[in-house]
Participant: 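Starting off with a structure, shown below.
In what follows, residues are counted from 1 in the order of the sequence shown.
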Amino acid sequence: MKLVVPLCSYILLSGIYAPKALSDSPSLQDVCPMAPQGERKVFMNGFLCKHPSTILASDFKTLLLNHAGDLNNMFQSSVNMVTATEFPGLNTQGLAMARTDIAPSGVVLPHSHPRASEMMFVHGGSVAVGFFDTKGRLFQKTLGEGEVFIFPRGLVHYIINYGFGPSTTFSVLNSQNPGVVGITHAMFATDSDVLEGLMARMLKFGEMGLSDNSTAGLPWTF
């Protein structure tokens, strides 16, 4: 009986302070139900690795972010996300990259990345950015060239070009498959009047110059 209390305490402390390596790895898919025993095939949480003898320096270089995207669309913006699917060197590194180009008065509509935080660097132009926490508080800032902003994992965020010229940002995300949940695209058709109204409201929202942490005038409230 004397050994029971110390033993239970040891087990409890072991669970609390167990090395991170003993915990499950985060999923790189939206969902992953277990396949029935007879249907199980090889399926990895990521991609198979090349044989070490075939790895080249070119596996770690990409030109996929060296040109602007097509801005000839309703939102006057383009987001080019590069994950391990397109860039082999990213596999197992827990990273993805993105380039965002926005014309004057263009927007990137509210969206979130369920598996990653995003660190965005403004390469050129001026943007207004913001995200909402789970209490509905808005954290918004205007950014110029050379400035950096963080969008926390899973939180809804947006970008607006409030300058007179095009803007370009580059982002690094801490997952090789961050995922994108487009709040408005999931609910409305691309050519819907609701989206046009939302765009107009977002532009006014950016022009208002709201102070940080303000919750007034949510851009998707009608």
Participant: Atom CG in L64, atom CZ in R99: separation rounded to 0.5 Å?
Facilitator: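 One gets 11.5 Å once the value is rounded to the nearest 0.5 Å.
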
Participant: Do you know the tightest heavy-atom contact between A96 and L90?
Facilitator: CA-CD1, 4.1 Å

Participant: Roughly how far, to the nearest 0.5 Å, is the OG atom of S175 from the NE2 atom of H113?
Facilitator: 10.5 Å

Participant: Taking a hydrophobic cluster as the set of Ile, Leu, Val, Met, Phe, Trp and Tyr residues connected by side-chain heavy atoms closer than 4.5 Å, whether directly or through intermediates, do M97 and F47 fall within one such cluster?
Facilitator: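 As far as the 4.5 Å side-chain criterion goes, F47 and M97 are not connected within one cluster.
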
Participant: What's the separation between atom CZ in F149 and atom CE in M119, rounded to the nearest 0.5 Å?
Facilitator: 13.0 Å

Participant: Looking at every non-hydrogen atom in both residues, tell me the closest pair between S117 and P152 and how far apart they are.
Facilitator: OG-C, 3.9 Å

Participant: Run the side-chain contact (heavy atoms from CB on, under 4.5 Å) check on E86 and M81 step by step: do they pass?
Facilitator: CA-CA 9 Å; E86 300 85 22; M81 177 83 71; over 6 Å; no

Participant: Can you see which heavy atom on F170 is nearest to which on L65, and at what distance?
Facilitator: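 Closest approach of F170 to L65, heavy atoms only: CE2-O, 3.6 Å.
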
Participant: To the nearest 0.5 angstrom, please state how far the NE2 atom of H157 sits from the CD atom of E118.
Facilitator: 4.5 Å

Participant: Do you know which two heavy atoms are closest between F60 and I55, and how far apart they sit?
Facilitator: CE1-CG2, 3.7 Å

Participant: Using the ring of each side chain (for Trp, its six-membered ring), is H123 parallel, tilted or perpendicular to F121, with breaks at 30° and 60°?
Facilitator: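 Geometry flag for F121 against H123: tilted rings.
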
Participant: Apply the side chain to side chain donor-acceptor pair (under 3.5 Å) test between T168 and each candidate in D101, T100, N161; give the one that qualifies.
Facilitator: D101

Participant: With under 30° as parallel and over 60° as perpendicular, where do the rings of F132 and Y158 fit, or are they tilted in between?
Facilitator: tilted

Participant: Under 4.5 Å between any side-chain heavy atoms of S167 and V122, yes or no?
Facilitator: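 With C-beta onward as the side chain, the pair stays apart.
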
Participant: Just how far is it from atom CG of L109 to atom CE of M74, taken to the nearest 0.5 Å?
Facilitator: 7.5 Å

Participant: On a heavy-atom basis, which atom in K50 and which in L56 lie closest, and how many Å separate them?
Facilitator: NZ-N, 4.4 Å

Participant: Roughly how far, to the nearest 0.5 Å, is the CG atom of N174 from the CG atom of L95?
Facilitator: 7.5 Å

Participant: In this structure, would L71 and I160 fall into the same cluster of hydrophobic residues linked by side-chain contacts under 4.5 Å?
Facilitator: no

Participant: Does CG in D70 sit with more than 12 non-hydrogen atoms of other residues, nucleotides or ligands closer than 6.0 Å?
Facilitator: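 Enclosed.
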
Participant: Please walk me through it: do T83 and Q176 pass side-chain contact (heavy atoms from CB on, under 4.5 Å)?
Facilitator: CA-CA 5 Å; T83 68; Q176 72 177 56; 5.7 Å; no

Participant: Does the pair V148 and L143 meet the rule for a side-chain contact (heavy atoms from CB on, under 4.5 Å), with working shown?
Facilitator: CA-CA 8 Å; V148 172; L143 306 175; over 6 Å; no

Participant: Could you tell me which non-hydrogen atom of S112 sits nearest to which non-hydrogen atom of G154, and how far apart they are?
Facilitator: CB-O, 3.6 Å

Participant: Applying side-chain contact (heavy atoms from CB on, under 4.5 Å), run through I159 and M120 and close with a yes or a no.
Facilitator: CA-CA 10 Å; I159 311 172; M120 188 191 76; 3.7 Å; yes

Participant: Do H111 and V79 have side-chain heavy atoms sitting under 4.5 Å apart?
Facilitator: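 Heavy-atom side-chain distance check fails, nothing below 4.5 Å.
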
